[in-house]
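Residue numbers begin at 1 in each chain, while the letters A, B, ... track the order of the sequences.
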Amino acid sequence: MLRIAALLSLLFLLFLTGLGPIIWGDDALAIDTAALAQGASAAHPMGTDGLGRDVLARIMVASRLTVGLALLTTAIAVAGGLVLGGLPAVLGPRAGRLINGFVGLVVAFPGLLIALVLAVVFGSGGTAAALAIGVASIPSFARLTQTLAASVAGRDFIAAARVLGVGRVRMLYRHILPNIAEPLVVQATLGAGGALLAFAALSFLGLGVQSPGYDWGVLLNEGLNRVYINPAAALGPGLAVVLAGLAFNVMGEYAAQAFGGRSRVIRTRGRSSRPAPGPALRVRDLTVRYGDAVPVKGVSFEVVPGERVGIVGESGSGKSLTALAVSGLVEPPGQVSGDIEAAETAMVFQDPMTSLNPALRIATQLAEVATTHEGMSRRAARSLAVTRLTDVHIAQAARVVRQYPHELSGGMRQRAMIAMGLMGTPRLIIADEPTTALDVTVQKQILDLLREVSTTTGAAIVLVSHDLAVVGQLCSRVLVMYAGVIVEDLPVSRLTAEPDAGDGPAHPYTRALLAAVPDLTADRSRPLATIPGRMPSPLDVTGGCPFAPRCPRADSRCHAETPAFDGAVACWHPHTTEHVLKEESR
Amino acid sequence: MTALEFHGVSVRLGRGRRAVTVVDDVTLTVPSGGVTGLVGESGCGKTTLARAAVGLVPLSGGAIHPRSRVQLVFQDPYSSLDPRMTVGAAIAEALPRRTRSDEVSRLLDLVGLDPALAVRLPRHLSGGQRQRVALARALTARPEVVIADEITSALDVSVQGLVLNLVREIQRELGLTMLFISHNLAVVRYVSDHVAVMRAGRIVESGPVEQVLSEPADAYTRTLLAAVPTLRSAPGA
Amino acid sequence: MPDMPRHPWAHYLLRRATRFLISMALLVTATFAMVHAIPGDPVRAALGATASPELVAAKTHELGLDLPVWQQYARYLAALFSGELGASMTSGLPVAQTIADRLPYTSLLAAVALAVVMLVAVPLGMAMAAVTRGGRGRVGELLFTGVAGFLAVVPEFLLAVCLVALFAMGLEWLPVADVTGSMGPEFYILPALALAIGPAAALARIVRVEGLQVLASDYVRTARAKRLPARVVHLRHALPNLLTSALTIGGLLVSGLVAGSVLVENVFAWPGLGTALVEAIRAKDFPVVQGVVLIYGSAVLLVNFGVDLLLGRLDPRSVIGES
């Protein structure tokens with residue numbers, strides 16, 4: 001829809017500026033002494049001016065000058081802004097800081113004020129005003145170019161090009177400008193709309209286009225003087241200004257959308273109930289959809305109280321979405337279906353920096369759980385917060401509760417997240433990659449803490465991780481996910497067993513995953529085991545086993561029929577069966 | 001081939017009173033044609049040391065040799081390739097104009113990619129493929145020394161193996177001197193002959209990889225080793 | 001991680017104050033340079049072609065324009081520090097007097113408009129964010145973005161014209177400015193509306209977009225994982241993180257309001273600084289232009305400085321977070 005609006009806007013502007021003066025040029029000059037300064041009539045839909053000229057025709061004719069001057073202004077602003085904003089990248093850090101500092105100071109002043117001051121210098125008149133507004137808009141464009149360039153300059157591909165010896169000028173036009181061109185084009189289009197309005201304002205004040213020339217601003221000024229007699233003469237040029245301004249805006253918005261992309265939206269439907277006793281978590285046929293993509297395809301499992309279960313898989317396996325869906329945190333356009341019965345749940349997320357609210361003290365964030373759900377007084381909740389922080393081994397908890405998240409280290413923040421979960425009485429803790437953002441020594445402490453919490457409170461834990469070893473440290477049971485389904489459910493002891501001994505993992509994917517991870521005893525003389533190919537995307541509709549294309553044991557049946565999950569494994573040729581069969585045949 | 005030598009290297013970042021010593025008097029030699037692993041936790045200065053070696057960060061003290069023909073492969077293959085440049089253009093950028101297309105095909109072949117991928121944009125490639133392109137691009141400058149900075153930590157485990165095998169192969173085939181940076185001790189052990197352990201800007205311990213990992217002399221190395229999660233921590237149990 | 005300065009707040013204050021002073025110096029220098037950048041003889045331009053050469057020479061000498069530039073600059077600075085802004089070239093009235101007479105009208109108008117902007121835009125934007133989160137309420141979203149987008153584009157002076165045409169002339173509900181009589185509160189309604197509607201629409205749009213971002217952040221997800229009531233999630237967790245950006249943009253809006261007020265005042269024949277500025281520019285009465293631009297510029301800088309200090313208090317990260 002926006003696309004059509006943008007196209008219409010473009011045609012509208014092209015028509016006015018291209019054909020306006022040709023079609024209405026004569027009418028705009030025709031002096032009708034019989035109809036001086038008249039109101040709207042059939043002959044003159046917007047009335048006539050003091051010399052009896054048709055106002056509507058004059059508006060149409062003025063469009064070319066108005067839009068042309070707006071474009072000239074924008075060109076000045078963009079060219080100046082690109083030079084001033086791009087110079088720091090070329091001149092190097094010292095001169096760059098100086099220029100950036102100067103632009104930063106100038107940009108604080110209102111553009112129109114600068115334009116008015118410049119109008120004093122350049123004098124009145126169309127070109128002078130274009131120069132004044134254009135120059136006045138340079139700082140903001142320079143600032144935008146700078147910010148955008150700086151955001152690109154920090155990225156690794158710029159560093160990589162520098163290491164390869166790419167020069168500063170080439171860097172600017174080959175690497176930086178192409179990567180910031182889109183927002184600049186959007187901004188320039190919106191800027192043209194702004195320039196048009198600013199120009200109308202200046203002309204309206206009598207500082208822009210001078211008589212006998214006229215643009216919409218001049219017409220507006222003339223019209224306003226006679227607004228009592230003929231309101232249309234004032235509103236007409238005003239309407240023209242707004243329409244043209246909108247036209248530029250619509251085109252800018254369309255450009256932004258075309259460059260940015262936007263996702264479609266679907267409503268959520270999902271149920272989650274929380275019965276008290278029974279398993280800590282029961283999931284039946286959980287499916288998550290995003291439009292045509294189905295990243296989680298009918299997952300079922302149970303977690304008993306006190307149990308520590310790991311969900312492992314590579315990116316795209318659907319493990320994190322499963323955890324989010326269990327907590328009811330899948331946002332639209334995601335669509336959740338299936339049955340979820342979860343006991344009282346606490347969540348621990350991957351990045352403790354972004355998961356804590358930066359604007360609130362630790363005390364507030366912890367205490368509100370108890371005041372909201374347990375009906376505790378603020379004072380009691382606060383002292384409970386101190387107790388819980390002490391429980392997760394945070395020293396000087398009374399001081400920490402008064403601090404903000406940014407004052408804590410990563411490990412401390414993750415401890416605070418866990419303490420926050422313990423403010424209620426969770427029977428299930430869902431931890432989504434809780435240690436991925438942490439160092440290995442801190443990781444061990446957090447895993448130890450989670451184990452301790454589970455032992456002392458009896459809460460079950462669901463640990464989502466890409467790292468089999470991390471899961472092995474904490475959990476007793478592992479669910480292996482691949483392409484949105486659970487392919488194997490096995491005790492951790494089977495992961496750690498020698499795969500050749502017969503009681504290793506049953507699914508070929510689990511085995512391949514294990515073999516691919518080097519550990520401190522791996523044979524350095526042999527290449528690492530790898531898994532060829534890649535995981536099917538959530539958009540793919542697979543007939544047959546999703547792992548079949550990468551599986552060394554796959555046969556025609558694997559490619560044709562999807563193996564059902566039998567409670568332990570979803571595979572036509574699991575390793576254990578083969579082992580047992582061998583035994584039997586002997 | 002050349003050895004990569006750091007002599008008393010220090011790096012201070014920031015300006016004025018806010019400056020912080022990130023790398024503190026590091027002396028380290030990566031033997032010619034060998035692979036030395038550099039391990040340490042985030043913020044210990046290992047990435048800054050790598051950036052200093054290729055001139056992205058100025059030294060505040062000491063010297064690094066050689067100053068040229070050193071290339072760096074970055075951690076995140078999603079941000080280290082220009083999203084607007086085809087794979088071929090990215091690789092060709094540092095090549096002399098005449099030999100470009102042949103050389104691009106040769107390099108893609110070397111890193112195990114189909115030369116037809118040269119016309120693709122990075123967004124059409126998987127993480128593992130991108131990291132191989134990044135490696136190929138580093139090789140265009142015919143470096144004698146390559147620094148690999150956490151090149152597999154953004155990748156899935158099944159892809160990690162492919163990239164690690166490739167790095168070992170190419171290093172041996174071209175006789176490259178390599179500094180292999182990672183926070184993952186198991187990965188470093190697998191790839192490197194020597195290893196150096198870094199903490200708070202200093203090298204606390206270095207030596208042959210088997211020796212350092214089996215008989216760590218420094219307390220911090222022991223802490224690191226004890227923290228590595230492993231599935232076969234008690235073999236046979 | 002950089003070392004924390006010992007007194008982060010004092011450090012922050014010092015940096016902001018330095019920045020403010022440098023900006024003021026820039027402003028003063030720019031207004032001085034303006035006169036010298038005027039092509040030809042500024043005195044002749046101001047007095048008109050009919051003025052006698054003797055008069056022009058006398059005026060030039062009186063203003064010190066025959067002195068070397070650096071001496072003029074020194075005189076200009078010295079005069080400023082003693083509160084002396086010169087006299088109008090056309091009326092001969094002291095510029096300081098003109099400003100003192102007109103500033104109250106302009107600042108009160110801007111303050112009323114700003115209050116309207118903040119009180120309307122922040123709650124409205126936040127509510128729209130909550131209602132349209134994650135693609136809900138498509139109709140509401142379209143209506144809001146459409147109307148707000150339209151209002152944000154309509155320039156203040158056009159709105160002013162429309163309001164005059166509709167309320168003052170068409171319906172005759174409200175008066176327009178009357179320079180002769182006293183200006184009661186009813187005189188402020190139309191100009192304040194004309195000034196506030198555009199920025200309010202723009203700010204409401206930005207607050208909505210920021211609000212959507214905040215509502216999609218990890219810490220709001222945490223808050224919802226804690227099963228807090230929607231009211232607490234929105235007011236306690238989302239709003240403070242929104243206020244900082246709303247305030248930053250609010251500060252920027254003030255400079256927009258200042259510019260807009262020049263135009264709106266001219267439509268309503270408001271006895272403020274804006275009308276004085278435009279008259280002075282038309283008449284090339286540069287001492288008045290200098291004085292009024294100085295006042296406008298320093299007002300904007302002062303507001304920015306105040307917003308910075310407020311932000312430092314509201315958002316604990318901004319004090320040490322920046323380099």
> Walk me through whether C:Met34 and A:Leu118 qualify under side-chain contact (heavy atoms from CB on, under 4.5 Å).
CA-CA 8 Å; C:Met34 176 187 81; A:Leu118 290 174; over 6 Å; no
> Which pairs would a plain distance check flag for residues 297-307 of chain C, meaning a side-chain donor or acceptor within less than 3.5 Å of a matching protein atom at least two apart in sequence or in another chain?
unit_1   : atom_1 : unit_2   : atom_2 : d
C:Ser298 : OG     : C:Leu294 : O      : 2.5
C:Ser298 : OG     : C:Ile295 : O      : 3.3

> Minimum heavy-atom separation for C:Val293 to A:Leu113, with atom names?
O-CD2, 4.5 Å
> Against chain C, label A:Leu207 side chain, backbone, both or neither, depending on which of its atoms sit under 4.5 Å from a heavy atom there.
side chain
> Return the CD1 to CG distance between C:Ile281 and A:Leu116, rounded to the nearest 0.5 Å.
4.5 Å
> Please flag which part of C:Val220 lies under 4.5 Å from any non-hydrogen atom of chain A: side chain, backbone, both or neither.
neither
> Please classify the contact between A:Ile430 and chain C as side chain, backbone, both or neither, with a heavy-atom cut-off of under 4.5 Å.
neither
> Taking side chain as everything from C-beta outward and backbone as N, CA, C, O, which of these in A:Ile114 sits under 4.5 Å from a heavy atom of chain C? Side chain, backbone, both or neither.
neither
> In terms of heavy-atom pairs under 4.5 Å, which option from A:Gln365, A:Glu368, A:Met423, A:Met347 contacts chain C the most?
A:Glu368
> Which value, rounded to the nearest 0.5 Å, describes the distance between C:Leu27 atom CG and A:Phe109 atom CZ?
4.5 Å
> Test of understanding: with salt bridge (Lys or Arg N to Asp or Glu O under 4.0 Å), list the residues that count as partners of A:Glu433, not counting sequence neighbours.
A:Lys319
> Examine whether an atom of A:Ala200 lies under 4.5 Å from a heavy atom of chain C, and if so say whether it belongs to the side chain, the backbone or both; otherwise answer neither.
both
> Hey, which of A:Leu112, A:Leu197, A:Leu205 has the most heavy atom pairs under 4.5 Å with chain C?
A:Leu205
> Need one label for A:Phe102: side chain, backbone, both or neither, based on atoms under 4.5 Å from any heavy atom in chain C.
side chain
> Is there a side-chain contact (heavy atoms from CB on, under 4.5 Å) between C:Leu26 and A:Val106? Walk through the geometry before answering.
CA-CA 8 Å; C:Leu26 187 72; A:Val106 178; 3.9 Å; yes
> Within a radius of less than 6.0 Å around CZ of C:Arg282, do more than 12 heavy atoms belonging to other residues, nucleotides or ligands occur?
yes
> Checking A:Met420 against chain C: side chain, backbone, both or neither under 4.5 Å from a heavy atom?
side chain
